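Here's the structure, in structure tokens; my notes come after.
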Amino acid sequence: MGPEADDFHRGPIRSTPMTRLSEYLLPTEKQAPADAEAVSHKLMVRAGLIRQMGAGMWTWLPAGWRVHQRVVGIVREEMNAIGAQEMLMPVLQPSEPWRKTGRIEIDELFKLTDRKGSELVLAMTHEEAVTFHVAQTVRSYRDLPQILYHFQVKERDEPRPRAGVLRTREFVMKDSYSFDRDQAGMEDRYALHVGAYDRIMQRTGLRYYRVEGDVGMMGGTGAHEYMAPCAAGEDQILLGEGYAANVEVALASPGVEKVGEGYTRNGQPLTLEPAIEIGNIFKLGTRYSEPLGATYLDESGAELAIWMASYGIGPARIVAAAVEQFADEHGISWPRALAPFAVHLLSVGKPGTPEREAADTLYATLKDGGVEVLYDDRDLGPGEKFADAELLGCPLRLTVGRRSLESGEIEAQIRRGREQAAGLPLDGEPAQLLGAVDELWRSLP
RNA sequence: CGGGGCGUGGCGCAGCUUGGUAGCGCACCUGCUUUGGGAGCAGGGGGUCGCCGGUUCAAAUCCGGCCGCCCCGACCA
């Protein structure tokens, strides 16, 4: 006899994520790891978002991964909006294309050998892979232009991983690649990416600058970097009236001078600020298409090299930069676009009491209404619940306790600035409540 | 890769100088009390002290080697 149909229905079927804190893996800590230095490192570990496995190797726990995937969602929407096509390429790759481009020599490239003795690499970025495929599949000018992208793990044998998730040996990157028949086309695709990247950064809620970049190991002819100012930043950017540049690049450009303790541009003083690179875009030209034979035939039948550019974004860095930029002494304060949950609902009062029942009802109403809510239904004192909520940093905190029953109002606190908002009606119609929550939500940073 | 530091229960630490088989706070488990800003009492569980070797009657402690992790610098998305 086979299993009865009911055997498949032993537990509750959850079509939406489980978000009761009593059942959720959110291991918060009062104390940060002793060796943590960067604010984002300390807070992301303390808030239960990430855990370390080794130097530069990190696990994203459920709440942390939600934040990461928020960034991914924004990036995906904006990439799709400029006509980019999502795909997936392998991390484990044959070494041949890397020999052809000369990048096999890079120290940070992980190299390994399989059981048959074949040399393999773990990709640190995907120019070789995507160009390999385009070389095989694109034959004609009619096949161009193309924008291809994926979200994939990158592996880098970093000399020194550091600062939590800010500099790791393995990390997810959105990398996209554009393929055009000539330089003018490449410039067009590049411009599309500038627009997409500006929209992405604006939507994340981060403070950021787009600066002239260094072409670095990517090779190529031009680059911009998207920099998020924060204390743990590894780079220094120079800022002036309508001007922002990576300090290394700036010093090589006309008008910028180092004077005494500071910098000037055309005589105007510039300020120096630490920042982390959260995205970069490179004009590659034919740097990869030539060695890998990525060519097309034009209208006259001439074989020409494809013009390429590549574009990266590190979601983990955007997450960490957001933590750095908006944290206060109580913990994280997410911009609403990145928060793991929109609402952190907490009940004050013992299980089995009317106030707990009211909180349960509110949880159901919010969840059914499509609000992403984390419900602290644990049997703990209020102090611990408030502290954990402020550590985790969801934009809106709703509290239901005995007071709520007395006043008929749900207490609302805005995480940014810890401001008390006007109370919400406890016994209204669901639609009315959801409308009020939505209105409050829209007013948040 | 240079310089510095650190590895003792899930987290933070003491013990090491002067060897005698491990302790504190938090967390965790049980019971009772408590419930609007990190509670109280009582009871309890968990560590081959990073690894290997040496010295010694005896090693967390002394010696040698190795591994791991962090910070500063160089480098790097």
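In what follows, chains carry the letters A, B, and so on, assigned in the order in which the sequence lines appear, proteins first and then strands, with residues in each chain numbered from 1. Just so it is clear, the structure is predicted and the values come from calculations on it, not from any experiment.
Residue A/E355 is out of contact with every strand shown, counting any heavy-atom pair closer than 4.0 Å. Here A/S347 lies out of heavy-atom contact (under 4.0 Å) with every strand.
Legend: residues meeting side chain to side chain contact (heavy atoms under 4.5 Å, CB included) with A/R20, ordered by chain and number and at least two apart, are A/M18, A/S22, A/E23, A/D360, A/Y363, A/Y375, A/D377.
Of the C1' atoms belonging to B/A60 and B/C16, the separation is 7 Å, rounded to the nearest Å. Comparing B/G46 with B/G64, their C1' atoms are spaced 33 Å from each other, to the whole Å.
Under the Watson-Crick or G-U wobble criterion, with both distances below 3.5 Å, B/C1 is paired with B/G73. Taking a pair to require two hydrogen-bonding distances under 3.5 Å in either a Watson-Crick or a G-U wobble arrangement, B/A42 pairs with B/U30.
In the region residues 313-340 of chain A, proximity to RNA chain B at under 4.0 angstrom, judged on heavy atoms, holds for A/R317.
Of the candidates B/G36, B/G73, B/G37, the closest approach to any side-chain atom of A/V348 belongs to B/G36. For A/E37, the side-chain atoms get nearest to B/C71 when compared with the rest of B/G36, B/C71, B/C69. You'll find that the side chain of A/R403 is closest to B/G36, out of B/C69, B/G36, B/A74.
Checked by distance alone, A/E390 brings a side-chain donor or acceptor within 3.5 Å of a matching partner on the base of B/G37. If you check distances only, the side chain of A/R397 does reach the base of B/G37 with a donor-acceptor pair under 3.5 Å.
Between the P atom of B/G37 and the CD atom of A/E411 lies a distance of 11 Å, rounded to the nearest Å.
The shortest distance between the side-chain N/O atoms of A/R160 and the OP1/OP2 oxygens of B/C72 is below 4.0 Å.
Atom OH of A/Y149 is separated from atom CE of A/M89 by 12.0 Å, given to the nearest 0.5 angstrom.
We find that A/E108 and A/K154 are not joined by a salt bridge, their nearest charged nitrogen and carboxylate oxygen being 4.0 Å or further apart.
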Nucleotide-resolved protein contact map, nucleotides 23-34 of chain B, B/S/- at heavy-atom distance under 4.0 Å
--BS--------
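Side chains of A/E96 and A/E128 form no contact here, defined as non-hydrogen atoms less than 4.5 Å apart.
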